[in-house]
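Below you'll find the structure, written out as structure tokens, and then a few comments.
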Amino acid sequence: MNKPNAPRDIPELMMRVNAIAGLTLGEIATQYAFKTPDNLLREKGWIGQLIEYVLGATAASKPEPDFPHLGVELKTLPISYTGKPLETTYVSITPLTNLHGVTWQNSVVKKKLSHVLWLPILSERDLAPTDRIIGSGFLWQPSQQEEALLKKDWEELTEMIALGNIEQLNGHFGQVLQLRPKAANSKALTQAIGPNGCEIMTLPRGYYLKTEFTRQILAKQFS
DNA sequence: TGCTGATCATCG
DNA sequence: CGATGATCAGCA
């Protein structure tokens, strides 16, 4: 089967999303002749890349929404048999320098999360990748309450980084948004602000949504 | 090296 | 057994 084109509009995108709900990843991978790994030990991004392909998203590795003309970001969300998120959700890389003038309003996190297509995938580890089941995708925009939580965490984390306290930060900080390493390995380093404003080299970090936050998004959607 | 897509692996 | 820190692949 040919590579799907980009969906023209949001209704067309949602029709495609609804069309794959209930199917296994193996079924759509076969349909589109997409390679399937036996496990995700090495190809951790396989599920996201398969779904992107099938829905006609723009090729990855660009700092743009997956559907630029629609302003929609696609996020697959691995869930358990009971419907709980199994993993945190990566949002974006964390800027560690040039933080002057950066506000929540113009932040990459706010931009990325302004319009998300969540696609739950039943993804328990005892299921082979091909046996994992696609759930019901839905569009989401943060409520005032959700955005307030994100903003609070973002501002707290950004202030710590700007004040040179990046090394004091770990995954415990933040109620809904956290900072964790996001790198090829623990030897990859990037520039950051250290104590007294000195330049230091540190592990690249990313912003992640905690599972409790995404769990509540699901609960609200499917209640 | 940085950014996209994320999950793996280990520890408390 | 859930969460934090570490890691994997591809591309520009």
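All figures in this text were calculated on a predicted structure; none of them were measured in a lab. A, B, ... follow the sequence lines: proteins, then strands. Residue 1 opens every chain.
- In the set B/dT4, B/dT7, C/dA6, the nucleotide with an atom closest to the side chain of A/Leu203 is C/dA6.
- Through direct or relayed side-chain contacts under 4.5 Å between Ile, Leu, Val, Met, Phe, Trp and Tyr, A/Leu203 connects to no other residue.
- Between B/dT4 and A/Gln49, no contact under 4.0 Å exists linking OP1 or OP2 to a side-chain N or O.
- As a member of the Ile/Leu/Val/Met/Phe/Trp/Tyr network built from side-chain separations under 4.5 Å, A/Leu122 groups with A/Tyr81, A/Leu127, A/Ile133.
- At a cut-off of 3.5 angstrom, counting only N and O atoms as typed in the model, there is a donor on one side and an acceptor on the other between the side-chain of A/Tyr208 and the base of B/dA6.
- Across the helix from B/dT1-C/dA12 to B/dG12-C/dC1, the helix axis at one end is tilted relative to the axis at the other end by 30° (nearest 10 degrees, each axis from five pairs).
- On a pure distance criterion of 3.5 Å, no polar donor-acceptor pair joins the side chain of A/Lys44 and the base of C/dG10.
- For A/Glu124, there are no side chain to side chain donor-acceptor pair (under 3.5 Å) partners two or more places apart in sequence or in a different chain.
- A distance of 9.5 Å separates CD of A/Glu73 from CH2 of A/Trp118, quoted to the nearest 0.5 Å.
- The side chain of A/Lys112 contributes an N or O atom lying less than 4.0 Å from OP1 or OP2 of B/dT4.
- Rounding to whole angstrom units, CG of residue A/Asp38 and C1' of B/dT7 are separated by 16 Å.
- Grouped by direct or indirect side-chain proximity (heavy atoms under 4.5 Å, Ile/Leu/Val/Met/Phe/Trp/Tyr only), A/Tyr208 sits with A/Tyr90, A/Ile93.
- Between C/dT4, B/dA6, C/dA9, one nucleotide has an atom nearer to the side chain of A/Glu43 than all others, and that is C/dA9.
- Scored by the side chain to side chain donor-acceptor pair (under 3.5 Å) test, A/Trp46 finds no partners at all (sequence neighbours excluded).
- Within the structure, every side-chain polar atom (N or O) of A/Tyr90 is placed at least 4.0 Å from both OP1 and OP2 of B/dG5.
- Distance from the side chain of A/Pro78 is smallest for B/dT7 among the nucleotides B/dC8, C/dG5, B/dT7.
- In the set C/dA9, C/dA6, B/dT7, the nucleotide with an atom closest to the side chain of A/Arg42 is C/dA9.
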